[in-house]
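Here's the structure we're looking at; comments come further down.
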Number of protein chains: 2
Amino acid sequence: MPASFHPAGSEIFSPGSDANCFYVVKFGCVRVYRLLADGRRQISAFHLPGEVFGFEADSRHHFFAEAVGATSTLSMRVSATADLSATLLPLALRGLVRAQEHLLVLGRQNAPERVAAFLLDMFERQGGLERFELPMSRTDIADYLGLSLETVSRVFTRLRGQGIMRLVSLRTVEIVKMQALSVMCE
Amino acid sequence: MPASFHPAGSEIFSPGSDANCFYVVKFGCVRVYRLLADGRRQISAFHLPGEVFGFEADSRHHFFAEAVGATSTLSMRVSATADLSATLLPLALRGLVRAQEHLLVLGRQNAPERVAAFLLDMFERQGGLERFELPMSRTDIADYLGLSLETVSRVFTRLRGQGIMRLVSLRTVEIVKMQALSVMCE
DNA sequence: CGAGTATTTGACAGCCGTCAATTACGGTGG
DNA sequence: CCACCGTAATTGACGGCTGTCAAATACTCG
């Protein structure tokens with residue numbers, strides 16, 4: 001179970017490379033994404049400490065994975081796992097449910113609803129403390145939510161104006177009115 | 001492996017119900033979707049003959065599944081499968097990849113690109129014949145692509161005007177310029 | 001053949017993306 | 001410790017795509 005360190009922005013895998021192992025995030029954050037021919041990017045998931053990513057339907061990767069900030073991972077070769085299917089199935093199913101929920105956000109929610117959903121997700125995945133870090137840039141958030149970075153920024157400003165959240169620093173969020181944020185996602 | 005017949009529009013399962021079996025489509029088409037509180041709907045997938053759906057991360061369904069038209073399915077109890085994990089893992093992984101590709105469409109492609117991607121997907125999944133049926137309504141297509149039904153209709157009209165496709169009947173598509181359609185998705 | 005539904009088409013408004021400029025932050029070196 | 005520089009984030013102006021509302025047309029089924 002070898003550990004690796006990934007500097008900010010470094011590639012972990014890319015489409016076409018061998019998918020012979022999967023990864024556990026030890027610290028930091030990983031973004032998994034696809035690109036269109038003209039460079040438009042859709043981040044399908046961020047992975048935080050403790051989360052597993054990198055398994056594929058076949059033996060090749062179909063996505064890019066990069067360290068968002070300084071990140072360390074543990075990688076496990078698929079062959080080294082006694083019962084691979086039993087290990088991966090629950091992970092794959094959870095990923096599937098997450099992706100399907102994300103589809104609802106991208107397909108049917110407007111910009112404020114998307115940002116609210118994102119903040120609540122980050123809140124819950126980082127232990128439910130009202131103050132937490134955003135490991136990723138506004139551009140990353142935009143590419144995850146299918147918005148422009150300017151729109152993400154504008155919604156942040158609006159949420160601050162409504163007293164729903166506070167920015168302790170550019171990347172540190174404090175949720176003030178949890179209820180209001182939840183209502184926004186319906 | 002009991003077979004069931006589902007009339008058009010009938011419910012196959014809904015959120016909260018027991019997820020103790022999964023389903024294979026025999027004929028017809030199934031839509032799987034979620035709703036927001038105000039009724040906005042996102043269809044996460046259509047399932048055509050031969051495809052499997054209905055497995056979940058836990059023992060409860062999180063989605064609605066309905067027959068699009070007259071549909072028949074085979075249902076298998078999860079407990080009746082010898083090695084459940086080995087059977088379901090490839091299906092779950094394929095579903096995950098599909099969902100992630102769909103995320104790119106919803107997050108980063110405009111209306112014509114989305115419709116083109118949808119038509120190509122239907123084309124490929126129905127055997128690659130240039131003429132094929134759309135089992136679902138414009139509303140269903142819209143809720144799958146995160147568009148309004150009017151926008152779907154307008155894009156259809158435009159594609160016909162450009163000589164890229166023909167509507168043999170309202171639900172029967174003939175793709176005339178495959179190349180042009182592919183280019184639209186990048 | 002007729003009723004009801006599905007689809008198409010049109011007019012118009014609004015949300016959000018793009019382009020651009022300004023401000024704020026953070027890290028580095030003096 | 002502070003000044004400086006490069007990057008990230010914010011803010012503003014404006015246009016276009018797409019949603020909404022509404023009406024007309026086409027289709028399907030009984």
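Chain A is the first sequence line, chain B the second, and so forth, proteins listed ahead of strands; every chain is numbered from 1. Just so we're clear, the structure is a prediction, and the values are computed from it rather than from any experiment.
- For B:Ile141 and C:dT7, the CD1 to P distance is 8 Å, given to the nearest whole Å.
- Across all strands shown, B:Ser137 has heavy atoms under 4.0 Å from sugar-phosphate atoms exclusively, and none from any base.
- Remark: B:Ser153, B:Arg154, B:Thr157 in residues 152-159 of chain B come within less than 4.0 Å of DNA chain C through at least one heavy atom.
- Taking a cutoff of 4.0 Å between a charged side-chain nitrogen and a carboxylate oxygen, A:Arg40 and A:Asp143 do not qualify as a salt bridge.
- Salt bridge status for B:Arg125 with B:Glu51: present, with a side-chain N to carboxylate O gap under 4.0 Å.
- If you measure from atom CG of A:Leu167 to atom P of C:dA24, you get 14 Å, rounded to the nearest angstrom.
- Here the P atom of nucleotide D:dG19 and the CZ atom of B:Arg40 are 12 Å apart, to the nearest Å.
- One interatomic measurement links the two molecules: CG of B:Leu147 to C1' of C:dC15, which rounds to 15 Å at whole-angstrom precision.
- Looking at heavy-atom distances under 4.0 Å, A:Arg108 makes no contact with the nucleic acid at all.
- Here the P atom of nucleotide C:dG17 and the CZ atom of A:Arg138 are 16 Å apart, to the nearest Å.
- In this model, the phosphate group of D:dG19 is approached by a side-chain N or O of B:Thr151 to a distance below 4.0 Å at OP1 or OP2.
- When the nucleotides D:dC27, D:dT10, D:dT18 are ranked by their closest atom to the side chain of B:Pro112, D:dT18 comes out on top.
- A cation-pi arrangement is present between B:Arg34 and B:Phe63 under the rule of less than 6.0 angstrom and at most 45 degrees off the ring axis.
- Atom P of nucleotide C:dT8 and atom CZ of B:Arg171 are separated by 10 Å, given to the nearest angstrom.
- Neither OP1 nor OP2 of D:dT20 sits under 4.0 Å from any side-chain N or O of B:Ser148.
- Between B:Asp140 atom CG and C:dT5 atom C1' there is a gap of 14 Å when expressed in whole angstrom units.
- Along DNA chain C, the nucleotide nearest to A:Ala111 and the one nearest to B:Leu149 differ in position, and the one closer to the 5' end is contacted by B:Leu149.
- The existence of a salt bridge linking B:Asp58 and A:Arg94 is excluded, since no basic side-chain nitrogen approaches an acidic carboxylate oxygen closer than 4.0 Å.
- In this structure, B:His102 has its ring center under 6.0 Å from that of B:Tyr144.
- Side-chain atoms of B:Ser72 and B:His6 form no donor-acceptor pair, as typed in the model, at a separation below 3.5 Å.
- With hydrogens and angles ignored, a donor-acceptor pair closer than 3.5 Å exists between the side chain of A:Glu150 and the base of C:dC19.
- In this pair, A:Phe13 and A:His61 present their aromatic rings parallel. The plane angle is below 30°, not in the 30 to 60° band.
- Atom CG in A:Asp143 sits about 13 Å away from atom P in D:dA8, given to the nearest Å.
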